[in-house]
Amino acid sequence: MKRNVMGCMQGGFKTLDKQQLSNKFQRVIFQGMLSLGVFFWGVMPITSSAQDIGDILPNINFTYFFEDDSTPVQQVISPYVSVDCSTSKPYIPGGAPNMPSPLEPPCSPDLTGEQEFIIQIRNMQRPGNFSENDPVLFSRSFNLNTLQTGGESFLSQTSAKFSANSNNYIVNYGITFYTPVDGSSAVEAFSSYAAVGTDKSTWMSDLTSQSDFSDITFGDLVIPGSHDAGMYMLGDPETTVNIIQQICGNIVRNPDDPLNLLMCTAVKFVSEGLLTIIQNVALTQKEPIAAQLENGVRFLDLRPAAYTPDPDDFYHVHDFVQGAHLIDILKDVNGFLANKSGEMVVIQVSDQGLDYDYFDYITEPNLSQLLTQYLPNANPCVFNVTTTAIPCSYGSYFALNDTQLTKVAAENQVIVIYFNSMEKQSSVNINDSYEGNSSDYSESSVDTSGVQSAVTEALENCQNSEYRYTILQIQDTNSAVLANASVLDDNMIVDVLNTPVGSAVQGTKPTFDQGLMFYLIAKEGSQLSDCKGPVVILNDFVDVGMSSVSIKSSQTRYNNRQQ
């Protein structure tokens, strides 16, 4: 007989009693399910031993977000549950609020027999009391064994829409089989996340339509951002394979590059499925730009470059891997904004991480031509942040920060910031947590402390009035996995990288989201409020949970500045 593991969501960023839950949380709950056991987190007591959890949830990483009417909510069902072989205690890398420090690395998961993971959202009929009879609003199930041995691609685990109590909701979700690495240890594992919130396609106009925030400025905003926004697909697989063959045929060109090492090591063991390998280590988003914008994203991190001299051949490029075609990205932006007055999008165009051995970075004239052609109604304003030219009607970028959001959205629905990496490091005055701290982002794929340290430094610097804006990158680069490829045995390389759900990048999302989101929420009333100019929260695999946190933080920043 199949029994279920259920995780019930809690409202708020603190523990709420049942009466509070009854008042605040009446619509939607999440439940994570696996066979062979009944356990409850959140409002229900834990009724299992650590050994039981290890038996039933082998190396499953759950992170859930929930947003109610007024407050964005993050609740960690279990930041990373597995079992240490000798002590049979839960292993929680990096720790978490009210959680113990890490123990020894976990055992490899036992994936024999049927194991099912279900993401399910129900409409609670009795506030604060979960029942199996509550109507199901959304349900998605995964067989872990099937995923491990070649199930559906992680790209198909994206988002869905549903309606409840006269509200439209979006749920983002994903599960991946990957190999977390810390130091010299590595273990195969599953990682999953889910986020649910109200439709975010008009959050800016919804915000400014409220009398309390009608005069909020562009500089007051905390903006949800998409890291490597165009890497939701492989744009030109033939070219990518050709480049990898060149790299692997001449690996002495850069023998210390971890991505080159991993790719070429994998190629040696995998005769087929090379594109699956590329997908699993290069893609950073699940959905096209239009869907990302509907999830609330308003800052797109783009790196356009061309493999050929053709001016129409610009793709988003991640190192040496081509993602979406730039024209398609711009069409998505234009289509999204076409009937949405009061909304605007920031596009940061840079060459960060671009492999200049194979690609030419887009020039500003080429970019301006494409913007004019494919954003005909958005009236894009381009800031080349290394020039002294006065763009548009703002007089300076800093004048833009002081402009009311309603005015910016009415006059320029798209703001474009253009620079290259050498310029950024020398003179553009963008406070980016990654700049100068790149090693913090590659220390570990299971410990969030390095990234938190980099974000902390950026928050300490963001009161500097010379900075145009601040970028807080909360995702792990997963370079730890790549740099420590030598600890992965041959079977792991084949199993993990050649599995359609083996995304090494997505696998770290739950751990880093729960660690960094809680941290930023704690800072929203203090350091975030003190930052000069807008703040961008930049993430991989964007979701409505991040957008909810950003919108709430925007409101808090504005209110604190009025005092």
In short, Asn280 meets Gly502 closest at the heavy-atom pair CB-O, 3.4 Å
Do Arg468 and Phe398 have side chains that get closer than 4.5 Å, going by heavy atoms?
yes
Stepwise side chain to side chain contact (heavy atoms under 4.5 Å, CB included) test for Tyr394 and Cys381:
CA-CA 10 Å; Tyr394 299 103; Cys381 174; 4.2 Å; yes
Flag if over 12 foreign heavy atoms under 6.0 Å of CG, Asp360
no
Just by distance, with hydrogens left out, do Lys286 and Gln506 show a side-chain donor and acceptor under 3.5 Å apart?
yes
Has Ser350 got a side-chain atom pairing as donor or acceptor with Arg303's backbone, closer than 3.5 angstrom?
no
Just how far is it from atom OG1 of Thr308 to atom CG of Asp236, taken to the nearest 0.5 Å?
9.0 Å
Got Val446 and Thr511 here, is their nearest side-chain heavy-atom distance under 4.5 Å?
no
Any side-chain donor near an acceptor of the partner, Thr239 and Asn242, under 3.5 Å:
no
Name the orientation class of the two ring planes belonging to Tyr397 and Tyr469 (parallel below 30°, tilted from 30 to 60°, perpendicular beyond 60°).
tilted
Interatomic distance, Leu405 atom CG to Ile216 atom CD1 [nearest 0.5 angstrom]
7.0 Å
Evaluate side chain to side chain contact (heavy atoms under 4.5 Å, CB included) for Leu538 paired with Tyr434, printing each intermediate quantity in order.
CA-CA 11 Å; Leu538 203 63; Tyr434 187 81; over 6 Å; no
Work out which heavy atom in Gln157 is nearest to a heavy atom in Leu147; give both atom names and the distance.
NE2-CD2, 4.2 Å
Would the distance check show the side chain of Asn420 and the main-chain N or O of Asp351 forming a donor-acceptor pair, the cut-off being under 3.5 Å?
no
Looking at every non-hydrogen atom in both residues, tell me the closest pair between Phe383 and Ser396 and how far apart they are.
CE2-C, 4.0 Å
Between CD1 on residue Ile278 and CD on residue Gln322, distance to nearest 0.5 Å:
11.0 Å
Any side-chain heavy atom of Asn539 sitting closer than 4.5 Å to one from Ile474?
yes
Keeping the roles fixed (side chain from His318, backbone from Ala282), state whether a donor-acceptor pair exists under 3.5 Å.
yes
Less than 4.5 Å apart, any side-chain heavy atom of Gln475 and any of Thr284?
no
Over all atoms of both residues, closest heavy-atom pair of Glu287 and Gln292:
O-NE2, 2.8 Å
Taking the side chain as every heavy atom from C-beta outward, state whether Ile243 and Asp355 have any atom pair closer than 4.5 Å.
no
Thr176 side chain vs Ser503 backbone, donor-acceptor pair below 3.5 Å:
yes
Atom CG in Asn377, atom CG in Leu337: separation rounded to 0.5 Å?
10.0 Å
So which heavy atom on Ile537 is nearest to which on Met517, and how close?
CG2-CE, 4.4 Å
Mind checking the CG-CZ spacing from Asp319 to Phe359? Nearest 0.5 Å is all I need.
9.0 Å
Met546 and Asp543: side chain to side chain contact (heavy atoms under 4.5 Å, CB included), yes or no, with the steps?
CA-CA 6 Å; Met546 179 188 71; Asp543 58 65; 4.1 Å; yes
Return yes if some donor-acceptor pair links the side-chain N/O of Thr363 with the main-chain N/O of Asn366 below 3.5 Å, else return no.
yes
Decide if the gap between the ring center of Phe512 and the ring center of Tyr193 is smaller than 6.0 angstrom.
no
Is the side chain of Thr508 donor-acceptor paired with the backbone N or O of Ala504 at a distance under 3.5 Å, no angle test?
no
Taking Ser554 for the side chain and Val222 for the main chain, is one N or O donor matched with an acceptor at less than 3.5 Å?
yes
What I'd like to find out is whether the side chain of Ile289 reaches to under 4.5 Å of the side chain of Leu293, using heavy atoms alone.
yes
Any donor-acceptor pair under 3.5 Å from Asn334 side chain to Ala378 backbone:
no
Would you mind reporting whether Met344 and Phe218 have side-chain heavy atoms less than 4.5 Å apart?
yes
Under 3.5 Å donor-acceptor, Thr217 side chain and Asp402 backbone:
no
Correct closest heavy-atom pair for Gln413 and Lys340 would be NE2-O, 3.0 Å
Donor-acceptor pair, side chain of Asp313 and main chain of Ala306, under 3.5 angstrom
no
Does Leu375 reach the side chain of Val333, with side-chain heavy atoms less than 4.5 Å apart?
yes
Side chain to side chain contact (heavy atoms under 4.5 Å, CB included) for Leu370 and Ile362? Distances and angles first, verdict last.
CA-CA 11 Å; Leu370 292 174; Ile362 194 169; 4.1 Å; yes
Under 3.5 Å, is there a donor-acceptor pair linking the side chains of Thr198 and Lys200?
yes
Ion pair check, Arg298 and Glu343, cut-off under 4.0 Å:
yes
Could you grab the distance from atom CZ of Phe177 to atom CZ of Phe154, nearest 0.5 Å is fine?
15.0 Å
